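Remember, predicted model here, so these are calculated numbers, not experimental data. Below, chains carry the letters A, B, ... as their sequence lines are ordered, and counting in each starts from 1.
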Amino acid sequence: SNMKLILIFSALFGAALCLETFVGHQVLRIKTRNEEQLKKLQFLETLEHLQLDFWLNPSISALPVDVRIPAHSLQAVKVFLESHGIEYSILIEDLQVVLNREKQDMVTSQQLERSSSTFNYGTYHSLASIYQELDSLASEFSNIVSKLQIGESYENRPLYVLKFSTGGRNRPAIWLDAGIHSREWVTQASAMWIARKIASDYGNDPSITSLLNKVDVFLLPVANPDGYEFTHTTNRMWRKTRSKNSGSLCIGVDPNRNWDAGFGGPGASSNPCSDSYHGPRANSEVEVESVVNFIKNHGNVLAFLTLHSYSQLLMYPYGYKCTPPADYAELNALGEAAASSIQSLYGTTYQVGSICSTIYQASGGSIDWSYDYGIKYSFAFELRDTGRYGFLLPASQIIPTAEETWLGLKTIMEYVRDNPY
Amino acid sequence: MTELPPTHSQATRAAALAAAYIRYRHGSPGRGLVLRAVHRARRQDIDGVGHKYHLELVLEDIFGKDSTVNCTAEVLYHLGNKISAPDVQFTIEGELKNTDEADNICYNRIKSLKKELEAENIPDSFGNVSPEMEPIRVLAWVASGYVVWQNSTENTKYQLAQIKHVKQVKRSDEYLEFDYTILLHENVSQEIIPWQMTVLWHPQHGVEVTQNSPQPKHALD
């Protein structure tokens, strides 16, 4: 019959491509009652011609045994089990059906990814996919969101900023960036969720509505696109930019040691091969220079907030020196309030302090520059977790991380709105 | 004795080291102890000897989400140029949950594999760890506690970032042996350091690192 021919051809075809087919394979769950029954199963294991694939091997009689049985052995195994009074149930009737469904799900989900109206905020995305979603956001919330390009990366990728504004001319502004260190994937992912959150909350949430009625927000979700691309294609642990260093085979500068704040001082390396290499001079990295120029040209930025991972810390200046900033008391209190907001959602605890006392002395950092430039409310966040997954935070934690981080950011933004200077 | 704020970098580094050491001494594929909080930290400068940190810590077992355990630890970083591991003494309050059954199940499962286990990138780029690899991952994490302890100074804070590669080594005795290449993340310099370690494990004899060495980084990455 045709059906049989199709089966034979697909089996041959599959075999030719070294693909296995699991048509008619069943997965049984076997429950042994005692040692004797267990020994029978262990005996079964030795019969290679049955081609049994134990998903859970027989080890102790208290534990179930799961085994995949090819169609040709099914009858024999069931007769064997029944004749020895060994209980079993069918976990999977036909494995191929399950596999086909799974494949279909993956194809569908890939198709959904490509369609811009269903960007999944709970998963990690390629740079292209993120950039596509920025356009979607700007289009969907065109009354308050617009996309700006503030420069280009070393490898000529655009640096895109989303502007959230309800009008006015050069209103006071809040700056937020993510992903300056490319391996810190939860930051770019959280920034995307936060972008959608700000846009959709306007007109619905009284606090955000009043915030955007007074203040603009500028969000740079991928501050280091070259690095981000590299973490996807080549080295998941890449941190720096991808600029060439003259006289060295090593690539890249640590963009958070490249700002003009105690540049070249302790806590930054002069070795191009180091992950904390400060670069040949301050602002040598176009990714850093573009932000500096934007902020200087804007002239009215009141807060500078930057996202990193991991460690669960909320820090204020200074990093390049271990003396407290003039506004230490206010920044510490605001930081504690923000950490408290973060904790209120899922119990995630953040430690608050200056960069120097909390992690290390580190020169050339962004919030040191912004603070010394006159932007009083300068904070750096280190998001989840505390080391269990580190940079490799599972996607299931993206949205919870974004949600709690947003509460912390909101606390700071509301304070800035109410305390202009 | 100087009282340190628990959030101070010196306190958190010493605490991370103590936790790594405790994890190694008490860990197994069925028990992964992680630092939950630092309650108190004091530093004592001992002339001619080094710096000693007195810590009050809270640990938790990754397998018992809300079961925390208090402990006190003393970490002594030696002065001078000789490279020797810091001394760590600790006391755990109360008893740790018994993990014999979980360890035995894990041991038997691996023992009964037809081919020697081999895998890479655990977790993968997206943080995924398959259920079969979870015990292998916990074992690496426990063993890395030894490497972290042996190589820590007051100016370092190491975490296990990823298992690049693991291969089971066939043995004729009852021990399980694994050859790991791991990536350590050093939090102060921010470097990612590849490290090789050979790990022995048996449920009754605990975890042992028999060999370990840093690996060269690829300069052209």
* Asked: Given a strict heavy-atom distance threshold of 4.5 Å, which part of Ile105(B) is in contact with chain A: side chain, backbone, both, or neither?
  -> side chain
* Asked: Among Val253(A), Asn256(A), Asn271(A), Asp254(A), which one satisfies side chain to side chain contact (heavy atoms under 4.5 Å, CB included) with Ser276(A)?
  -> Asp254(A)
* Asked: So is Lys321(A) actually on top of Tyr318(A)'s ring, under 6.0 Å and inside 45° of the axis?
  -> yes
* To do: For the residue pair Tyr228(A) and His232(A), categorise the inter-ring angle as parallel (less than 30°), tilted (30 to 60°) or perpendicular (more than 60°).
  => perpendicular
* Would you sort out whether Arg242(A) and Asp226(A) count as a salt bridge (charged side-chain N to carboxylate O under 4.0 Å, His left out), showing the intermediate values? => CA-CA 6 Å; Arg242(A) 291 292 302 165; Asp226(A) 295 349; over 6 Å; no
* **Under 4.5 Å from a heavy atom of chain A, the part of Val188(B) involved** => both
* To do: Mind ranking Gln159(B), His8(B), Glu191(B) by heavy-atom pairs under 4.5 Å with chain A and telling me who comes out on top?
  => Glu191(B)
* Any side-chain heavy-atom pair from Ser248(A) and Tyr277(A) closer than 4.5 angstrom? -> no
* **Asn108(B), part contacting chain A, at a heavy-atom distance under 4.5 Å** => side chain
* **chain B contact via Leu56(A) - side chain, backbone, both or neither, heavy atoms under 4.5 Å** => side chain
* Could you check Lys39(A) against Glu45(A) for salt bridge (charged side-chain N to carboxylate O under 4.0 Å, His left out), going step by step and ending with a plain yes or no? => CA-CA 10 Å; Lys39(A) 282 194 166 49; Glu45(A) 253 188 309; over 6 Å; no
* Measure the shortest side-chain to side-chain distance between Tyr24(B) and Val147(B) over non-hydrogen atoms and say whether it is less than 4.5 angstrom. => no
* **Option that, when pairs with chain A are counted at under 4.5 Å, heavy atom only, ranks first among Arg13(B), Lys157(B), Glu132(B), Lys114(B)** => Arg13(B)
* Structure fact -> So, the part of Tyr360(A) with a heavy atom under 4.5 Å from chain B: the answer is both
* To do: Please state whether the side chain, the backbone, both or neither of Ser112(B) comes within less than 4.5 Å of a heavy atom of chain A.
  => both
* To do: Could you tell me which of Gly353(A), Gly252(A), Ser274(A), Ala395(A) has the largest number of non-hydrogen atom pairs under 4.5 Å with chain B?
  => Ser274(A)
* Where does Asn187(B) contact chain A at under 4.5 Å (heavy atoms): side chain, backbone, both or neither? -> both
